[in-house]
Engineer: 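First, the structure itself, so that you have it in front of you.
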Amino acid sequence: MIKIIQGDITKLVVDAIVNAANNSLLGGLGVDGAIHQAAGPDLLQECRELHGCETGQAKITRGYRLPAKHVIHTVGPVYSGSSTDSQLLRACYLNSLSLAKQNNLHSIAFPAISTGAYGFPAKRAAEIAFAAVKDWLKQNPSAKMEVTMCAFDNATFQLYQKELAK
Ligand code: AR6
């Protein structure tokens, strides 16, 4: 099942929220900064032990002071206009969902990965995100995964409404 909301992902009560991180996994601005701020310093300490993350891959930590039990850290592509951008963005969604399933989680919330500092055009990113999630849910019905697509700004929320209606 896919739900959409507009708001702050750090407030969501789910098994895992996804962080749009960078390769270092040592924090940053945007949603990454908000998640580390809300989770507290123990999150950074656990992230240090992960030794970074490749673009398109995902790693899991606990959620610490967040209402979410876990954080799945994924690294979106820095938008360059090449076709690998789309493949890597799709991989972020698929790998995060598979990691959630492997950890027996049943609810996950995603921010609009790569559409802030990393410059991915929001409309194309929304299309890729929804196609990836829909494909994964179709292929993994036994996971009983509840997916929340969290838009921060109203423009992204409107794109998500259109994608959900498709
Ligand atoms: N809840 C939900 N979405 C949010 C929140 C929030 N609290 N805050 C921002 N967004 P960005 P990226 C939205 O830049 O493009 C960091 O420095 C935001 O409006 O956070 O993947 C990392 O360390 C946008 O729609 O992530 C990396 O260096 C979306 O989250 C780099 O930025 C993604 O914007 C990653 O860039």
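Indexing begins at 1, ligand by ligand and atom by atom, following the structure's order. For this chain, numbers begin at 1 and follow the sequence in order. What you are looking at is a predicted structure, and each value in this text was computed from that prediction instead of being measured.
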Engineer: Would you check whether Thr10 has a nitrogen or oxygen atom less than 3.5 angstrom from a nitrogen or oxygen atom of ligand 1?
Structural biologist: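 No; the residue has no nitrogen or oxygen that sits under 3.5 Å from a nitrogen or oxygen of the ligand.
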
Engineer: Verify whether one side chain among Thr61 and His70 offers a donor that lies under 3.5 Å from an acceptor in the other.
Structural biologist: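 Checked: Thr61/His70 side chains show no N/O donor-acceptor pair below 3.5 Å.
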
Engineer: Give the residue and atom name of whichever protein heavy atom lies nearest to atom 24 (C) of ligand 1, and the separation in Å to one decimal.
Structural biologist: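 Among all protein heavy atoms, the one nearest atom 24 (C) of ligand 1 is Thr115 OG1, 3.6 Å.
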
Engineer: Check step by step if side-chain contact (heavy atoms from CB on, under 4.5 Å) holds for Met145 and Ile108.
Structural biologist: CA-CA 7 Å; Met145 196 68 73; Ile108 184 170; 4.0 Å; yes

Engineer: Please indicate whether any nitrogen or oxygen in Ile9 is less than 3.5 Å from any nitrogen or oxygen in ligand 1.
Structural biologist: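 Between Ile9 and ligand 1 (N or O atoms, distance only) the closest approach is under 3.5 Å.
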
Engineer: Could you list all the side chain to side chain donor-acceptor pair (under 3.5 Å) pairs where at least one residue sits in residues 128-137, not counting sequence neighbours?
Structural biologist: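 Residue pairs with at least one partner in residues 128-137: Arg90-Asp135, Ser98-Trp136.
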
Engineer: At what distance is the nearest protein heavy atom to atom 15 (O) of ligand 1, and which residue and atom is it?
Structural biologist: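 Result for atom 15 (O) of ligand 1: Gly116 N, 2.8 Å.
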
Engineer: In terms of residue, atom name and distance, what is the protein heavy atom nearest to atom 3 (N) of ligand 1?
Structural biologist: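 It is Phe152 CB, 3.5 Å.
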
Engineer: At what distance, to the nearest 0.5 angstrom, does SG of Cys53 lie from CG of Asn19?
Structural biologist: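 These two atoms lie 10.0 Å from each other.
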
Engineer: Identify, for atom 7 (N) of ligand 1, the protein heavy atom at the shortest distance, and state residue, atom and that distance.
Structural biologist: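 Among all protein heavy atoms, the one nearest atom 7 (N) of ligand 1 is Asp8 OD1, 2.9 Å.
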
Engineer: Any idea which atoms of ligand 1 are less than 4.0 Å away from a heavy-atom of Leu29?
Structural biologist: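 Once the distances to Leu29 are compared, the set is 16 (C), 17 (O).
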
Engineer: Restricting to salt bridge (charged side-chain N to carboxylate O under 4.0 Å, His left out), what partner residues turn up for Glu46, sequence neighbours left out?
Structural biologist: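 Once residues adjacent in sequence are excluded, Glu46 has no partner under the salt bridge (charged side-chain N to carboxylate O under 4.0 Å, His left out) criterion.
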
Engineer: Need the ligand 1 atom indices (1-based, order shown) with element for anything under 4.0 Å from a heavy-atom of Gly28.
Structural biologist: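 Checking each atom against Gly28, I get 17 (O), 23 (O).
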
Engineer: Polar contacts were defined as any N/O atom of the residue lying under 3.5 Å from an N/O atom of the ligand; does this apply to Ala21 and ligand 1?
Structural biologist: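 Between Ala21 and ligand 1 (N or O atoms, distance only) the closest approach is not under 3.5 Å.
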
Engineer: Please work out which of Tyr118, Tyr79, Phe120 has its closest non-hydrogen atom nearest to atom 35 (C) of ligand 1.
Structural biologist: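 Looking at heavy atoms only, the winner is Tyr118.
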
Engineer: For the side chain to side chain contact (heavy atoms under 4.5 Å, CB included) test, which of Lys101, His106, Met1 pairs with Lys144?
Structural biologist: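 Between Lys144 and the candidates, side chain to side chain contact (heavy atoms under 4.5 Å, CB included) is satisfied uniquely by His106.
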
Engineer: How about Glu54 and Asn23: does a side-chain donor come under 3.5 Å of a side-chain acceptor?
Structural biologist: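 No donor-acceptor contact under 3.5 Å links the two side chains.
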
Engineer: Quick check against the 3.5 Å criterion: does Asp8 have a side-chain atom that pairs as donor or acceptor with the backbone of Phe152?
Structural biologist: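 No: the side chain of Asp8 does not pair with the backbone of Phe152.
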
Engineer: So is Gly119 in contact with ligand 1, going by heavy-atom distances below 4.0 Å?
Structural biologist: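 Outside the 4.0 Å threshold, so no.
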
Engineer: Got the closest protein heavy atom to atom 29 (C) of ligand 1, with its distance?
Structural biologist: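 The closest one turns out to be Ala112 O, 3.3 Å.
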
Engineer: Which ligand 1 atoms does Gly7 reach within 4.0 Å, using its non-hydrogen atoms?
Structural biologist: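 Under 4.0 Å from Gly7, ligand 1 has these atoms: 1 (N), 2 (C).
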
Engineer: Is the side chain of Asp85 donor-acceptor paired with the backbone N or O of Ser80 at a distance under 3.5 Å, no angle test?
Structural biologist: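 Checking the backbone N and O of Ser80 against the side chain of Asp85, a donor-acceptor pair under 3.5 Å is found.
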
Engineer: For atom 20 (O) of ligand 1, what's the nearest protein heavy atom and its distance?
Structural biologist: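 Going by distance alone, atom 20 (O) of ligand 1 is nearest to Val31 N, 2.8 Å.
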
Engineer: Among Ser114, Ala151, Ala155, which residue places a heavy atom closest to atom 21 (O) of ligand 1?
Structural biologist: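 Among Ser114, Ala151, Ala155, the closest heavy atom to atom 21 (O) of ligand 1 belongs to Ser114.
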
Engineer: Please check: side-chain N/O of Thr115 versus main-chain N/O of Ala112, any donor-acceptor pairing under 3.5 Å?
Structural biologist: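 Flag set: sc Thr115 to bb Ala112 pair under 3.5 Å.
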
Engineer: What's the verdict on side-chain contact (heavy atoms from CB on, under 4.5 Å) for Ile4 and Thr148, showing C-alpha distance, side-chain angles and the deciding distance?
Structural biologist: CA-CA 5 Å; Ile4 61 172; Thr148 301; over 6 Å; no

Engineer: What atoms in ligand 1 come closer than 4.0 Å to a heavy atom of Asp32?
Structural biologist: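 Under 4.0 Å from Asp32, ligand 1 has these atoms: 22 (C), 23 (O).
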
Engineer: Give yes or no for whether the N/O distance cutoff of 3.5 Å, strictly under, is met between Thr156 and ligand 1.
Structural biologist: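 No.
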
Engineer: Check whether any side-chain N or O of Lys59 sits under 3.5 Å from a backbone N or O of Leu50 as a donor-acceptor pair, and report yes or no.
Structural biologist: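 Such a contact is found between Lys59 side chain and Leu50 backbone.
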
Engineer: Which option, Cys92, Ala117, Ala34, owns the non-hydrogen atom nearest atom 32 (O) of ligand 1?
Structural biologist: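 Of the listed residues, Ala117 has the closest heavy atom.
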
Engineer: For ligand 1, which atoms have a heavy atom of Ala20 less than 4.0 angstrom away?
Structural biologist: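 Those qualifying, in numeric order: 21 (O), 22 (C), 26 (O), 35 (C).
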
